[in-house]
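See below for the structure under consideration.
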Amino acid sequence: MAKRKLTKDEIEQVRRYVTEREKEAYPDYSISVAVKKETDDDGNPVVNITRIRELEKSINWPLK
C-alpha cells in the first residue's frame, strides 16, 4: 500500500482514539497526541505520543 494524505476527519478520529487508549493505560499522565497528515508506506497513520507525569511536590530532589 502506498502513502496517502489523511483527511481532517481521519486525523481527528485517530487523535481521539489514541488519546482515549493512552489515558486508559496511563491515567496519571497528561497525554499529547500528534498525527502526521500522511500515512507511512504501509498505509498506517503516523502518531507521536507524549506522556507527562507531574511528580508530587512532597518529593525533595537534591538540587546541585
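Computed from a predicted model, the values in this text were never measured in an experiment. Reckoned from all heavy atoms, side chains included, excluding hydrogens, waters and symmetry mates.
- Between atom OG of residue Ser32 and atom CD1 of residue Ile52 there is a gap of 7.0 Å, rounded to the nearest 0.5 Å.
- Checked against salt bridge (Lys or Arg N to Asp or Glu O under 4.0 Å), Arg51 has the following partners two or more places apart in sequence or in another chain: Glu22.
- Within a 6.0 Å sphere centred on CD of Glu38, heavy atoms belonging to other residues, nucleotides or ligands number more than 12.
- Test Val35, Asp40, Val14 against Val46 for side-chain contact (heavy atoms from CB on, under 4.5 Å) and you get one pass: Asp40.
- Taking 4.5 Å as the limit, every side-chain heavy atom of Gln13 sits out of range of all side-chain heavy atoms of Asp9.
- With a 4.5 Å cut-off on side-chain heavy atoms, Asn48 and Val33 do not count as touching.
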Salt bridge (charged side-chain N to carboxylate O under 4.0 Å, His left out) assessment of Lys23 paired with Glu20: CA-CA 5 Å; Lys23 283 188 177 189; Glu20 287 176 20; over 6 Å; no
Please assess Arg4 against Glu10 for the test salt bridge (charged side-chain N to carboxylate O under 4.0 Å, His left out), listing each intermediate value before the final yes or no. CA-CA 12 Å; Arg4 70 176 183 86; Glu10 288 174 322; 3.0 Å; yes
Determine, step by step, whether Ile31 and Thr50 satisfy the side-chain contact (heavy atoms from CB on, under 4.5 Å) criterion, reporting the C-alpha distance in whole Å, the side-chain angles of both residues, the deciding distance to 0.1 Å, and the verdict. CA-CA 6 Å; Ile31 307 294; Thr50 304; over 6 Å; no
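- Legend: ring-ring contact (aromatic ring centres under 6.0 Å, His included) pairs involving residues 29-53, not counting sequence neighbours, sorted by first then second residue: Tyr26-Tyr29.
- Within the 4.5 Å cutoff, the side chain of Pro45 has heavy atoms near those of the Leu6 side chain.
- Here the straight-line distance linking atom NZ of Lys36 with atom CD1 of Ile11 works out to 12.0 Å at 0.5 Å rounding.
- No donor-acceptor pair closer than 3.5 Å links the side chain of Glu24 to the backbone N or O of Arg21.
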